[in-house]
Amino acid sequence: MRLKDKIAVVTGAAQGIGLACAERFLAEGAKVVLSDINAEKLRACGKRLGAEAVLADASFKADVDLLIQHTIDVHGRIDILVSNAGVTSLAEFLDVTEEEFDRVLRVNLKSQFLCGQAAARQMVRQGTGGVIINMSSVNAVLAIANQVPYVVSKGGSGQLTKVMAIALAQHGIRVVAIGPGTILTDMARHNVLSSEDARRRVMSRTPLGRGGEPSEVASVAAFLASDDASYITGQTIYPDGGRLGLNYTVPVKTS
């Protein structure tokens with residue numbers, strides 16, 4: 001078990017990739033604190049996994065401070081943070097409102113700054129290093145015209161990861177990001193794979209010809225959080241089915 005007795009905090013942990021990361025970390029021997037804004041799902045996940053569950057909005061500093069303090073009160077330390085909380089927004093560029101732009105950047109990007117800073121301060125106090133993982137996306141590099149604030153937030157996540165990694169290296173804290181392609185979560189089904197035509201468009205740009213599973217992203221997170229990745233910092237790893245390397249479309253099987 002690569003993460004035996006490590007203390008991990010995962011935001012956006014009540015479903016999808018965040019939940020898969022929590023499950024994998026537990027299987028690797030870590031103790032996990034789950035956090036989300038969906039009280040019902042969070043409570044159910046915490047009960048099922050036998051893990052601490054803290055209702056908190058990762059985009060507000062007061063909530064983040066409470067989350068980190070609760071982790072310290074229960075476990076005495078924090079070794080790993082997965083900043084996974086995120087939302088998307090569908091609107092053409094000319095129709096995006098200021099309020100919606102601000103909301104998406106607050107949840108997707110500001111939350112990673114707030115959580116990363118709070119966790120890093122505790123890691124520095126501990127003096128034994130740590131790992132911070134920011135959840136990015138292939139859309140940090142690519143762009144989708146009707147997901148403007150989402151794309152911008154993920155581009156910012158890549159740069160935040162780099163600057164955090166440089167700033168925190170002297171403290172033995174590694175900061176990395178994961179940039180998934182299309183992963184079969186509820187968010188993807190509602191916003192990316194909402195029709196057969198949409199599914200075919202996405203799969204035509206995915207050489208492996210399928211969407212990824214949340215567990216496949218969690219496997220990358222477990223690797224990056226472990227000592228197996230001890231010389232990796234400031235990088236974004238892209239589990240994307242080959243999408244970023246493709247400059248043409250591929251045939252897609254009918255479902």
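Note: hydrogens, waters and symmetry copies are ignored here, and every other heavy atom, side chains too, is used. A quick note: this is a predicted structure, and the numbers were derived from the prediction, not measured.
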Work out which heavy atom in Ser83 is nearest to a heavy atom in Cys115; give both atom names and the distance. OG-CB, 3.6 Å
Are more than 12 heavy atoms, taken from residues, nucleotides or ligands other than Leu49, located less than 6.0 Å from that residue's CG atom? yes
To the closest 0.5 Å, what do you measure between CG (Leu19) and OG (Ser215)? 11.0 Å
Donor-acceptor contact present, side-chain Gln112 to main-chain Met135, <3.5 Å: yes
On a heavy-atom basis, the closest approach of Val107 and Gly86 is CG1-CA, 3.9 Å
Are Phe93 and Asn146 side-chain neighbours, meaning at least one heavy-atom pair lies under 4.5 Å? no
Can you tell me if Ser226 uses its side chain to pair, donor with acceptor, with the backbone of Asp228 under 3.5 Å? yes
Could you check whether any side-chain N or O of Thr236 sits under 3.5 Å from a backbone N or O of Ile178, counting only pairs where one atom can act as donor and the other as acceptor? no
Are any non-hydrogen side-chain atoms of Val33 and His75 less than 4.5 angstrom apart? yes
For residues Gly116 and Ile132, report the shortest heavy-atom separation together with the two atoms involved. O-CD1, 3.7 Å
Min side-chain heavy-atom separation Leu67-Thr11 under 4.5 Å: yes
To the nearest 0.5 Å, what is the distance between NZ on Lys4 and CD on Glu28? 12.0 Å
Do Val32 and Val217 sit in the same hydrophobic cluster, where Ile, Leu, Val, Met, Phe, Trp and Tyr count as joined when their side-chain heavy atoms come under 4.5 Å apart? yes
Verify the cluster assignment for Leu90 and Leu94: are they in a single hydrophobic cluster under the rule of side-chain heavy atoms below 4.5 Å apart? no
Under the criterion side chain to side chain contact (heavy atoms under 4.5 Å, CB included), I'd like the reasoning laid out for Leu42 against Leu34: C-alpha separation, chi angles, the key distance, then a yes or no. CA-CA 7 Å; Leu42 179 65; Leu34 315 174; 3.8 Å; yes
Shortest non-hydrogen pair, Gly76 vs Gln122, comes out as O-NE2, 4.5 Å
Give the minimum heavy-atom separation between Ala140 and Tyr238, together with the two atoms involved. CB-OH, 4.4 Å
Is there a path of hydrophobic side-chain contacts, each under 4.5 Å between heavy atoms, that joins Leu208 and Met203? no
Nearest-0.5 Å distance, CG of residue Asp57 to CG of residue Leu66: 12.0 Å
Is there a donor-acceptor pair under 3.5 Å between the side chain of Asn108 and the backbone N or O of Ser153? no
Side chain to side chain contact (heavy atoms under 4.5 Å, CB included) between Phe223 and Ile237: does it pass, once the steps are laid out? CA-CA 11 Å; Phe223 162 69; Ile237 307 299; 5.9 Å; no
Count the heavy atoms of every other residue, nucleotide or ligand shown that sit under 6.0 Å from CG of Asp73, and state whether that count exceeds 12. yes
Would you say Leu105 and Leu160 are hydrophobically clustered, going by side-chain heavy atoms of ILVMFWY under 4.5 Å? no
Report the C-alpha distance between Thr161 and Ser136 in whole Å, list the side-chain angles of each, state the deciding distance to 0.1 Å, and finish with yes or no for side chain to side chain contact (heavy atoms under 4.5 Å, CB included). CA-CA 9 Å; Thr161 297; Ser136 184; over 6 Å; no
When you measure from the side chain of Thr249 to the backbone N and O of Ser204, does any donor-acceptor pair fall under 3.5 Å? no
Atom pair CD (Gln15) and CG (Asn84), whose distance is rounded to the nearest 0.5 Å: 9.5 Å
Shared ILVMFWY cluster between Val104 and Val148, side chains joined below 4.5 angstrom? no
Which residue pairs satisfy the salt bridge (charged side-chain N to carboxylate O under 4.0 Å, His left out) criterion with at least one member in residues 87-100, sequence neighbours excluded? Glu100-Arg103
From CA spacing to verdict: salt bridge (Lys or Arg N to Asp or Glu O under 4.0 Å), Arg201, Glu196: CA-CA 9 Å; Arg201 285 201 306 271; Glu196 176 60 19; over 6 Å; no
Verdict with supporting geometry, Lys31 and Asp5, salt bridge (Lys or Arg N to Asp or Glu O under 4.0 Å): CA-CA 6 Å; Lys31 296 179 176 66; Asp5 297 329; 3.4 Å; yes
For a quick check under 3.5 Å, do Arg243 and Thr206 share a side-chain donor-acceptor pair by atom type? no
So does Leu244 get a backbone contact from the side chain of Asp240, meaning a donor-acceptor N/O pair under 3.5 Å? yes
Backbone N or O of Val54 within a donor-acceptor pair of the Ser35 side chain at under 3.5 Å? yes
Taking all non-hydrogen atoms of both residues, which atom of Ala222 and which atom of Leu3 are closest, and how far apart? O-CD2, 4.3 Å
Before you tell me yes or no, could you show the steps for Ile183 and Glu213 under side chain to side chain contact (heavy atoms under 4.5 Å, CB included), namely the whole-Å CA-CA distance, both residues' side-chain angles and the distance that decides it to 0.1 Å? CA-CA 6 Å; Ile183 307 300; Glu213 296 293 337; 5.8 Å; no
Mind checking whether Ser111 and Phe60 have side chains closer than 4.5 Å, heavy atoms only? no
Are any of the side-chain heavy atoms of Thr182 and Arg205 separated by less than 4.5 Å? no
Salt bridge or not for Arg2 and Asp227, using N-O below 4.0 Å? no
Drop me the distance from Lys110's NZ to Leu114's CG, to the nearest 0.5 angstrom. 6.0 Å
Is there a side-chain contact between Ile78 and Ile72 in this structure, where contact means two heavy atoms from C-beta onward sitting under 4.5 Å apart? yes
Ignoring hydrogens and angles, tell me if any N or O in the side chain of Arg174 forms a donor-acceptor pair with the backbone of Ile232 under 3.5 Å. yes
Do you see a donor-acceptor pair shorter than 3.5 Å between the side chains of Ser219 and Arg24? yes
With distance as the sole test, does Asp63 use its side chain to make a donor-acceptor pair with the main-chain N or O of Ala56 at under 3.5 Å? no
Val131 and Asp79, any side-chain heavy atoms less than 4.5 Å apart: no
In Å and rounded to the nearest 0.5 Å, what is the CG to CG distance from Leu81 to Asn134? 7.5 Å
So do the side chains of Glu23 and Arg48 get within less than 4.5 Å of each other, counting heavy atoms only? yes
Does Ile144 offer a backbone N or O that forms a donor-acceptor pair with the side chain of Gln147 under 3.5 Å? no
